[in-house]
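Both ligands and their constituent atoms are indexed starting at 1 by order of listing. Computation of the quantities below employed the complete heavy-atom set of this structure, encompassing side-chain atoms and omitting hydrogens, waters and symmetry-equivalent molecules.
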Amino acid sequence: MTRSDILPDQGPFCSFEESKRQIDENRQWMPGGVSSNFRLNIAPTPLVFESGDGPYLHDVDGNRLIDYYLGMGPMILGHRPRAVCQAVTSQIEKGILFAGQTRIEAEAARRFCDMVPCAEQMRFNCSGSEVIQAALRIARAATGREKIVKFEGHYHGWFDSVLWSVAPPVDAAGNPQNPVAVQGSKGQLAGSADALVVLSWNDLESLESRLAARDVAAVIMEPAMCNAGAIHPLPGYLEGVRDVCTRTGTILIFDEVITGFRLGPGGAQERFGVTPDLSTFGKAIANGFPVAAVAGRGDLMGLCAQGVVHGGTFNAQPIAMAATAATLSALKPALYESITTQGEALMNGLKDIFLVEGVTATVTGFPQIFHVAFGLASPARDYRGLAGMNRAAYVAFSTELLRRGVRVLERGAWFMSSEHDSGVVDETLSAVGDAVRELKRTDIL
Ligand SMILES: Cc1ncc(COP(=O)(O)O)c(C=O)c1O
């Protein structure tokens, strides 16, 4: 397939004028014209979409875009997978919301517990931010302690208690051995950091020394750091964290909202062979339906029936549960093998282009989610290590790719689905080569 097949109507480059016009119009009703701050400030404009299909999105300008956003990660089966759509359609015939339990919910829960190593029990919510709140509450109730350790560059949702030091300017973040908690939003309760301890990730010594006081309820982390970069834990790090948490009576929480059902059927905890006490999931669990889960040891999860309040009107909404059960049953080993093959081909193809064109860049992470950073000669191991990347050049790169019909996140992450086949990967690499050469011609790279 050539680019002219993808972009039949608009010549060699996509234009986004209709998206721009509609976003401007939307500003009357929605601040910034969008419903999430993470959709703001996208170059050349936030986009407005008509439909999705396999690895493609179709926007209101008539562009067909190869999609590496994948809804910010959820669409591991691609857009509109038949089995999920059929399950949803047949559930909707039976009713929408009952404020009670359904068989399909129990089936989704059973499948989930069969797949996730730590999951003796689980509960559903609708978003990752909510299940983080639930996990922290359970950990505090179980330990009688209040403090939570989180790590610089790790994102655990937009609630006050955790929206700290997610993407802090390095000059405001203090000494890496003792980082300062940096607020993530105006209007955030300043005291919400009182119970928070911010540390550098992949540094076992600093964690061990902080946990020695035995006053921390929980350590929460992305087991592979995927909101900033796509960074592997150092060999032995997760095992060391597991050990020190056990020794000090601290609950270990893996936030697998991105890595869950993406790095493998049992997420990062299965891939790295380290089992946390509690874990949170979202995104790929239901291939785009608003579902999240908190899971873990039976004695901890059992607290939800013994005084720890966990709620939500829309929890385990039957249609979303039908999507969950259908998605989880589709996540077979062969699917991960095929994503791995295409993801590796794409990562290697990118590295080859950067090498041939003399562009300093790292391509790190996993075939299912990887990250590209311009300006780094070797992979970062933590948030500070990523700080040297050339963000402006990457935004220019993502804009050039978008003009050529390939949609990637401006922060450097690429999500893969089972629908990205070798034709799609080849098409992408052709656009990458053209974009890189254009940026070299204009001295941006
Ligand atoms: C690791 C992680 N945790 C939590 C969240 C919050 O999830 P949600 O956006 O569904 O509230 C996200 C969202 O990107 C995430 O990546």
Nearest protein heavy atom to atom 7 (O) of ligand 1, by residue and atom, and its distance? G128 CA, 3.2 Å
Mind checking whether F281 and F124 have ring centres under 6.0 Å apart? no
Per-atom contacts, ligand 1 versus H156 - under 4.0 Å to a heavy atom: 3 (N), 4 (C)
Starting from atom 13 (C) of ligand 1, which protein heavy atom do you reach first, and at what distance in Å? Y155 CE2, 3.4 Å
What atoms of ligand 1 come within less than 4.0 Å of a heavy atom belonging to S127? 10 (O), 11 (O)
Among protein heavy atoms, which sits nearest to atom 3 (N) of ligand 1, and what does the distance come to when rounded to 0.1 Å? D255 OD2, 2.6 Å
Compute the ring centroids of H371 and W414, then answer whether they are less than 6.0 Å apart. no
So, for Y69 and F415, is the gap between ring centers shorter than 6.0 Å? no
Straight-line distance of D67 CG to L57 CG, nearest 0.5 Å: 4.0 Å
If you count the atoms of ligand 1 from 1 in the order shown, which ones are under 4.0 Å from a heavy atom of I258? 16 (O)
Tell me the protein heavy atom at minimum distance from atom 16 (O) of ligand 1, and give that distance in Å. N227 ND2, 2.9 Å
Of G282, C226, S129, which has the heavy atom at the shortest distance from atom 6 (C) of ligand 1? S129
Are H154 and Y383, when compared by the centres of their aromatic rings, separated by less than 6.0 Å? no
Could you tell me, atom by atom, which parts of ligand 1 come under 4.0 Å of a heavy atom of G157? 4 (C), 5 (C), 6 (C)
Contact bool for atom 9 (O) of ligand 1 (protein heavy atom, d < 4.0 Å): no
Looking only at heavy atoms, what is the nearest atom pair of A173 and R384, with distance? O-NH2, 3.0 Å
Aromatic ring pairing Y155/F38, orientation class (parallel under 30°, perpendicular over 60°, tilted between): perpendicular
N-O pairing of E107 and R111 below 4.0 Å: yes
Note the single closest protein heavy atom to atom 14 (O) of ligand 1, along with its residue, its atom name and the distance in Å. K283 NZ, 3.0 Å
